[in-house]
Amino acid sequence: MSDLPLGNDPHSVRRRIEAMEILLERSFVLPGINRPVGLDALVGLVPVAGDIIGMAMGAYIVWEARNLGMPKWKLLRMAGNVAFDGVLGAVPVAGDLFDFLFRSNTRNLRIVKKHLDKHHPHTQVIDQ
């Protein structure tokens with residue numbers, strides 16, 4: 001992650017959002033169940049503060065999307081994903097399970113990628 005671009009061009013923003021999504025949702029795989037988890041699920045285990053931190057990290061992706069000039073309705077949808085994840089994640093025990101299953105940052109990355117693929121096709125990267 002140390003080679004992330006700092007520019008404001010669509011390609012740089014895409015790389016930063018992808019890196020943040022990996023950090024928040026797929027940092028490592030839980031042994032035994034082979035399910036990827038990230039910081040969002042881990043910090044969500046800390047009552048109240050963990051959910052606030054998780055929402056702040058998810059809001060970074062929305063902020064980067066705003067810098068791309070995405071339409072307000074897409075930004076509102078992304079903010080809704082983060083808020084929904086944060087509010088339900090705050091419920092003791094059940095919220096922790098919900099954090100493990102509902103990946104708002106992955107959903108938001110999908111929205112950003114769809115926008116970039118349509119409006120900035122040169123930013124596409126072929127994943128193998």
Pick out which of R103, R15, R26 makes a salt bridge (Lys or Arg N to Asp or Glu O under 4.0 Å) with E21.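 Filter result, single survivor: R26.
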Treating Ile, Leu, Val, Met, Phe, Trp and Tyr as nodes and any side-chain heavy-atom pair under 4.5 angstrom as an edge, say whether [X] and [Y] lie in one connected cluster.
{"X": "V46", "Y": "V91", "answer": "no"}
{"X": "L101", "Y": "L30", "answer": "yes"}
{"X": "F28", "Y": "I33", "answer": "yes"}
{"X": "I111", "Y": "F102", "answer": "no"}
{"X": "L76", "Y": "V62", "answer": "no"}

Can you tell me how far apart [atom1] ([X]) and [atom2] ([Y]) are? Round to the nearest 0.5 Å.
{"X": "L109", "Y": "N81", "atom1": "CG", "atom2": "CG", "result": "12.0 Å"}
{"X": "I17", "Y": "L4", "atom1": "CD1", "atom2": "CG", "result": "11.5 Å"}
{"X": "N67", "Y": "D9", "atom1": "CG", "atom2": "CG", "result": "12.0 Å"}
{"X": "N105", "Y": "Y60", "atom1": "CG", "atom2": "OH", "result": "12.5 Å"}
{"X": "H119", "Y": "L68", "atom1": "NE2", "atom2": "CG", "result": "10.5 Å"}
{"X": "L75", "Y": "W63", "atom1": "CG", "atom2": "CH2", "result": "13.0 Å"}

N/O donor-acceptor pair under 3.5 Å between R35 side chain and F100 backbone: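 Side chain of R35 to backbone of F100: a pair is present.
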Does the S12 side chain pair with the main chain of N8, one donor and one acceptor, at a distance under 3.5 Å?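 No, because the side chain of S12 does not come within donor-acceptor range (under 3.5 Å) of the backbone of N8.
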Could you report the tightest heavy-atom contact between M55 and A83, atom names first, then the distance?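 Closest approach of M55 to A83, heavy atoms only: CE-CA, 4.1 Å.
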Could you pull out the closest heavy-atom pair between E25 and S104, with the gap in Å?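 Heavy atoms only, the tightest pair is OE2-N, 3.8 Å.
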Any side-chain heavy atom of [X] within less than 4.5 Å of one from [Y]?
{"X": "M78", "Y": "I61", "result": "yes"}
{"X": "M20", "Y": "L39", "result": "no"}
{"X": "V43", "Y": "M57", "result": "yes"}

One pair to check against side-chain contact (heavy atoms from CB on, under 4.5 Å): D85 and D40. What are the steps and the verdict? CA-CA 10 Å; D85 187 20; D40 188 34; 3.0 Å; yes
Residue pair F98, D96: steps toward the side-chain contact (heavy atoms from CB on, under 4.5 Å) verdict: CA-CA 5 Å; F98 177 78; D96 297 328; over 6 Å; no
Is it true that D117 and R110 make a salt bridge, defined as a side-chain N closer than 4.0 Å to a carboxylate O?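 Result for this pair is no, no salt bridge flagged.
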